[in-house]
Amino acid sequence: MDKTLVQAAVFLAASAIAAPLGRFLRVGSVIGYLGAGVLIGPFGLGFVYEVYQVDSILHIAELGVILLLFLIGLELRPQRLWAMRRAIAEAGGTQVTASALLIGGCALAAGLSVVAAMVIGLTLAMSSTAFALQVLEEKKELQLRHGRTAFSVLLFQDLAAIPLLAVVPLLAIEGMGDRAATLLAISKAALMIAIIIVLGRYVLGVVYRLVARSGVREAMTASALLTVVGVSLVMQSAGLSAALGAFIAGALLADSEYRHQIEADIQPFEGLLLGLFFTAIGMSLNLRLVASEPLPLLGIVSGLVAIKALVLYAVGRLQGLDRRGARRLALFLAQGGEFAFVVLTLAVGAKVVDAAIAERLAVVVTLSMVATPLMLIVDELLLPRRREALPAFDDMPDGDGHVVIAGFGRVGQIVARVLRAKRIPFTALDISPDQVQLVRRFGSEAYFGDAARLDILEAARTEKARAFVLAIDDVEASLAVAALVRQHFPQVPVYARARNRRHVHRLMDLGVRQLRRETFLSSIELTRDVLRGLGLKEVEIRRITETFIAHDRKRLYDDYSHASEPEKLVARARDSARELEALLDADEAESVSKGQVASRD
């Protein structure tokens with residue numbers, strides 16, 4: 001039997017079982033992955049029985065962290081960062097600086113060098129973005145005040161990790177005292193970053209436009225993955241971190257019209273590989289080391305969690321959180337982060353941190369992750385959860401309360417122009433790359449993406465939208481999107497453009513009630529112009545058109561009950577025509593009668 005296939009089956013089984021089991025036990029899916037890794041690793045049941053195999057798997061699984069950084073870069077649009085600037089700088093900056101100084105001071109006191117203590121302090125000051133956000137989401141606390149503060153802190157940590165990942169490999173050259181080599185390496189790295197930014201700014205958009213025009217969906221996914229891997233390889237060739245390259249690649253595409261499509265294509269790979277990453281971390285947990293040094297390791301874990309929790313509690317209070325909110329913030333972010341495994345590997349390679357120390361710190365970070373959900377459960381048992389109000393939080397980006405517009409043709413653009421004039425945020429999606437490029441040339445913001453895909457709608461944050469405008473002109477595509485939105489986002493009101501009466505009835509079948517036929521009102525206005533040209537008075541024109549509108553709208557909804565019976569619809573149309581004639585005659589007679597009464601008076 002092929003051992004590779006057996007191990008692949010074991011990993012897939014672990015991924016399929018571990019995350020749901022972790023959530024069921026209320027410890028989080030990441031803990032499920034870690035537990036599965038410990039179970040199948042060389043220190044557990046031994047399905048993966050050689051340490052070098054774990055290292056190889058971990059090296060591959062680091063692509064999950066790389067993709068995570070790419071997605072973080074995609075989210076960091078300039079306007080988003082600017083809106084969050086105060087919370088990021090104050091909360092995140094204070095936490096990282098204070099935690100790094102305290103942890104680094106402890107490392108220095110333990111006899112490590114200044115450089116090693118600095119690297120360890122900054123590394124352990126970082127929390128796990130993937131872990132914390134997932135636990136916050138599972139606990140349904142991400143939208144609470146402390147959850148939003150946690151997001152700001154994590155965002156600063158992600159930004160701070162980038163220069164750390166870039167600097168650590170250069171410390172090896174610095175340690176040799178070769179200033180010329182150091183300057184050459186720094187210059188090479190800066191030049192490579194500048195080249196990537198310039199090429200990415202002017203080349204990536206053209207490439208994605210050509211791929212989108214091909215209409216081959218998997219080609220767009222392959223292009224996104226190629227962007228991440230290609231830029232990461234280029235950065236590695238310059239002696240920098242692949243994660244740094246992924247972040248830059250994501251940031252380059254943050255304002256691209258293809259951002260939502262790319263995010264939706266990458267997300268499944270990121271989730272699967274990140275799960276594999278945490279599973280590999282679990283496999284690499286040296287249980288023999290834990291068994292041989294339980295008290296020292298437990299002491300370091302307790303010290304790390306205590307230092308970070310105290311700093312985070314103080315940060316929370318400074319940000320205006322009450323005691324419970326500050327405490328929850330501290331518990332959610334007190335663990336070490338996934339960047340520690342990457343940075344420690346780089347530090348060992350640069351001979352900045354000893355391999356034995358790095359192995360112990362990796363164990364400490366893993367155990368601190370395990371401790372986080374346990375501390376949260378204890379907190380919830382001792383102090384029952386009180387639901388927080390959602391106060392105004394001006395420092396957060398306007399990530400909810402927006403309008404999603406599906407289809408950015410004539411109808412969608414008119415809606416968008418009015419929303420923009422009223423400063424109401426919106427996200428416009430269109431499946432045509434040519435249309436997206438055209439409207440962007442005229443200053444409108446639109447994104448390439450197929451709104452008939454659930455992952456695209458999720459990337460556009462439809463679940464947080466105030467309204468969904470369905471402005472797609474293709475009937476079948478419009479119905480597919482309407483069905484998807486009504487099924488997965490029933491709380492979001494849908495305002496739909498309909499091609500004709502049949503289209504209206506099919507949308508009504510899906511539960512859509514806010515409907516407008518695309519040519520109806522313009523036809524009414526044209527009719528008014530015709531009647532005006534024929535010499536009718538404005539009062540009479542208004543009476544005729546209002547009668548027609550009311551009659552037609554009533555008939556539209558009355559016909560819905562017979563939408564599947566064409567013969568009855570034909571008969572009703574004939575009856576309706578005669579009924580309309582009678583209504584107009586009656587209105588005219590009534591108007592004449594009122595006029596005669598008024599003249600006598």
Side-chain angles (χ1 to χ4, degrees), residues 27-28 30-31 34-35 37-38 41 43 51 54 58 95-129 131-132 135 153 157 160-161 164 168 278 280-314 330-348 351-376 378-379:
V27 295
V30 174
I31 298 301
L34 291 172
V38 171
F43 302 103
V51 175
V54 175
L58 185 59
Q95 183 273 325
V96 170
T97 302
S99 298
L101 287 174
L102 291 172
I103 296 169
C106 293
L108 198 61
L112 298 181
S113 67
V114 174
V115 175
M118 178 185 67
V119 171
I120 290 172
L122 288 170
T123 300
L124 297 184
M126 308 295 176
S127 305
S128 173
T129 300
F131 179 86
V135 176
V153 171
Q157 290 180 358
L164 181 61
V168 169
F278 284 116
I281 293 301
M283 288 190 297
S284 65
L285 179 62
N286 192 335
L287 295 180
R288 293 173 191 158
L289 183 62
V290 174
S292 62
E293 303 178 16
L295 292 179
L297 289 174
L298 183 61
I300 298 173
V301 171
S302 301
L304 172 65
V305 171
I307 289 173
K308 293 186 70 174
L310 287 172
V311 170
L312 284 160
Y313 183 85
L331 294 177
F332 275 114
L333 302 186
Q335 78 287 137
E338 61 271 357
F339 290 121
F341 303 108
V342 180
V343 175
L344 289 173
T345 301
L346 294 173
V348 171
K351 297 182 180 179
V352 173
V353 176
D354 184 73
I357 295 175
E359 184 178 15
R360 283 164 175 78
L361 291 178
V363 171
V364 166
V365 170
T366 304
L367 293 178
S368 71
M369 289 183 180
V370 175
T372 298
L374 301 179
M375 292 188 298
L376 288 168
V378 170
D379 180 62

Spacing of CG belonging to Leu331 relative to OH belonging to Tyr313, to within rounding of 0.5 Å: 11.0 Å

Validation row: Leu333, Gln95 side chains within 4.5 angstrom (heavy atoms): no

Heavy-atom pair with the smallest gap, counting every atom of Val370 and Leu374: O-CG, 3.5 Å

Nearest heavy atoms of Leu108 and Ala117, plus distance in Å: N-CB, 3.8 Å

Residue pair Ser99 / Ala125: nearest heavy atoms and the distance that separates them: CB-CB, 3.8 Å

Test log, rule side chain to side chain contact (heavy atoms under 4.5 Å, CB included), inputs Thr123 and Val353: CA-CA 12 Å; Thr123 300; Val353 176; over 6 Å; no

Where at least one partner belongs to residues 101-123, residue pairs that pass salt bridge (charged side-chain N to carboxylate O under 4.0 Å, His left out), sequence neighbours excluded: none

Closest non-hydrogen atom pair between Leu312 and Ala334, with its separation: CD1-N, 4.0 Å

Gln157 and Val96: CA distance, side-chain angles, deciding distance, side chain to side chain contact (heavy atoms under 4.5 Å, CB included) verdict: CA-CA 7 Å; Gln157 290 180 358; Val96 170; 3.7 Å; yes

Closest approach of Ser128 to Gln335 (non-hydrogen atoms, all atoms of both residues): N-OE1, 3.1 Å

Heavy-atom side-chain proximity of Phe341 to Thr366 below 4.5 angstrom: yes

Distance in Å, Leu122 CG paired with Leu101 CG, rounded so as to fall on 0.5 Å steps: 8.5 Å

Phe332 to Leu376 - nearest heavy-atom pair and separation: CE2-CD1, 3.5 Å

Value rounded to 0.5 Å, distance of CD1 in Ile307 from CG in Leu124: 9.5 Å

Interatomic spacing from CD1 in Ile300 to CZ in Arg360 - rounded to 0.5 Å: 8.5 Å

Inter-residue atom distance Ser302.OG - Leu367.CG, 0.5 Å rounding: 10.0 Å

Asp354 CG to Ser113 OG distance, which is reported to the nearest 0.5 Å: 10.5 Å

Student check: side-chain heavy atoms of Lys308 and Ile103 closer than 4.5 Å: yes

